[in-house]
Amino acid sequence: MYIDENLIEKLKKEQINLSKKLKLKDKKTLDEIKLVAGIDTTFTNIWENPTTAISCIVVLDIEDNFKEVEIVFAEKIIDFPYIPTFLAYRELPVILETYKKLKTKPDAFLVDGMGIIHPRKMGIASHFGVVTDEISVGVGKSKLVGKFEMPENKKFSYKPVYVDGELRGYVVRTKKNANPVFVSPGNNISVESSLKLVLKCVDKYKLPEPTRRAHNYLQKYRREKIDKN
DNA sequence: GCGACAG
DNA sequence: ATCTTGTCGC
């Protein structure tokens, strides 16, 4: 699919409209959030377009040693390239298909990528949250936009991230000697609570458990699929 | 004008 | 995001 400047402008307007539906207040208190889902996406071949996207959602009970409650996958052929600030247009379609397969109703979703740490507050976690009206949080592994200082090299230290002079999220050191992750609200949650929720989901590794497991299951799924062909 | 730019 | 084993360092 070829993207011209007109389409980009149209999508920008769409993001701005969607951002008006954002709710950055806590829909639930932290104590009410027990089932947390992690969402991740991979591709069979990232160089070709169209290509097959595979998505996984893992639901964990964070009050029961991150016990796995449900795991679902979905595949979908996608034909939209990766363009910074428009990630949702590439990955959201598969994610929504996966989301439809869930039998359980998680209290919140951790999406890999940004929430409101985005030029128009419409990172993929926010886009997902607005479309589904779920509680969502963005957890990204690298910077998209924003001004911040590096947190100290100590587990759980963090620094604020500002975009347009506004506090949009935090850079968080989830593990010592590992690069920090970028945490921001997707939808239906505040900046402060999104940080606290992610901290509650961190175990021994850099990535919060829901996201980490979704990622691991995807790698397994992907290589088994490729072995067959 | 130039560099930066989630996955 | 993916191709890939061992290896160096905290």
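Letters A, B, ... mirror the listed sequences (proteins, then strands); counts begin at 1. Computed from a predicted structure; not experimentally measured.
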Once you round to the nearest 0.5 Å, how far does [atom1] of [X] lie from [atom2] of [Y]?
X      : Y      : atom1 : atom2 : value
A:T42  : A:Q219 : OG1   : CD    : 5.0 Å
A:I124 : A:T85  : CD1   : OG1   : 12.0 Å
A:Y82  : A:I46  : OH    : CD1   : 12.0 Å
A:E14  : A:M122 : CD    : CE    : 10.0 Å
A:T41  : A:K76  : OG1   : NZ    : 13.0 Å

Those residues of residues 122-135 of chain A lying under 4.0 Å from DNA chain C by at least one heavy atom = none

key: Cation over ring face, A:R212 and A:F66, 6.0 Å, 45°   = no

key: Ion pair check, A:R213 and A:E209, cut-off under 4.0 Å   = yes

task = Could you check whether A:Y89 gets within reach of a base, just the sugar-phosphate, or nothing at all, counting any heavy atom under 4.0 Å?
result =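 Nothing, no heavy atom under 4.0 Å.
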
remark   = The first and last nucleotides of DNA chain B lying within contact of chain A, meaning any atom under 4.0 Å from one of its heavy atoms, run from B:dC5 to B:dG7

key: Candidate pair A:H118 and A:L144, rule side chain to side chain contact (heavy atoms under 4.5 Å, CB included), full reasoning   = CA-CA 7 Å; A:H118 179 282; A:L144 173 61; 3.9 Å; yes

Check nucleotides 5-10 of chain C for protein N or O atoms closer than 3.5 Å to its own N or O atoms and list the pairs.
none

message = Let me check something: do A:I189 and A:V139 share a hydrophobic cluster, defined by ILVMFWY side-chain heavy atoms less than 4.5 Å apart, either directly or through other members?
response =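 Looking at the clustering, A:V139 is in the same group as A:I189.
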
Listed partners of A:E9 passing salt bridge (Lys or Arg N to Asp or Glu O under 4.0 Å), at least two apart =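 Scan of A:E9 (salt bridge (Lys or Arg N to Asp or Glu O under 4.0 Å), adjacent residues dropped) gives A:K12.
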
task = Check salt bridge (Lys or Arg N to Asp or Glu O under 4.0 Å) between A:E149 and all other residues, then give those that pass, not counting sequence neighbours.
result =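 Expected list: A:K159.
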
Identify each atom pair where a protein N or O and an N or O of nucleotides 1-4 of chain C are less than 3.5 Å apart, giving names and distance.
from, atom 1, to, atom 2, distance (Å)
C:dA1, OP2, A:K141, NZ, 3.2
C:dT2, OP1, A:T42, OG1, 2.5
C:dT2, O3', A:R222, NH2, 3.4
C:dC3, OP1, A:R222, NH1, 3.0

inquiry  = For A:V137, run the side-chain contact (heavy atoms from CB on, under 4.5 Å) check against A:L195, A:V111, A:V36, A:L197 and tell me which one passes.
reply    = A:L197

request  = Name all pairs fulfilling the side chain to side chain donor-acceptor pair (under 3.5 Å) condition that reach into residues 172-187 of chain A, sequence neighbours left out, sorted by first residue then second.
outcome  = A:N153-A:N177

Dot-bracket encoding per residue of DNA chain B, Watson-Crick/G-U cut-off under 3.5 Å, | denoting interstrand = .......

message = Run the side chain to side chain contact (heavy atoms under 4.5 Å, CB included) test on A:L102 and A:F109 for me, step by step, so that the C-alpha distance in whole Å, both residues' side-chain angles and the decisive distance to 0.1 Å come before the verdict.
response = CA-CA 12 Å; A:L102 283 174; A:F109 293 76; 3.9 Å; yes

request  = Not counting sequence neighbours, list each pair that qualifies as a salt bridge (Lys or Arg N to Asp or Glu O under 4.0 Å) and has a residue in residues 117-140 of chain A.
outcome  = A:K23-A:D133, A:K27-A:D133, A:K105-A:E134, A:K121-A:E166

Pairs flagged by ring-ring contact (aromatic ring centres under 6.0 Å, His included) wherever residues 164-203 of chain A is involved - sequence neighbours left out = A:F148-A:F182, A:Y158-A:Y170

ask   = Regarding A:S190 and A:D26, is there a side-chain donor-to-acceptor distance under 3.5 Å anywhere?
value = yes

task = Determine which bases of DNA chain C form Watson-Crick or G-U wobble pairs with both distances under 3.5 Å, and write the result as a 5' to 3' dot-bracket string with | for other-strand partners.
result = ..........

message = Can you tell me how the ring of A:Y221 sits relative to the ring of A:F73, calling it parallel under 30°, perpendicular over 60° and tilted otherwise?
response =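 If you compare the ring of A:Y221 with that of A:F73, the planes turn out parallel.
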
ask   = If only atom types and distance count, is the side chain of A:D79 paired as donor or acceptor with the main-chain N or O of A:M1 below 3.5 Å?
value =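 Yes; at least one donor-acceptor contact below 3.5 Å.
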
message = I'd like to know if the side chain of A:E70 reaches the main chain of A:T104, judged simply by a donor and an acceptor atom lying under 3.5 Å from each other, with no hydrogens or angles considered.
response =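 Here the side-chain-to-backbone pair exists.
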
ask   = Using a heavy-atom distance cut-off of less than 4.0 Å, which residues of residues 186-198 of chain A contact DNA chain B?
value =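 Listed by number, there are none.
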
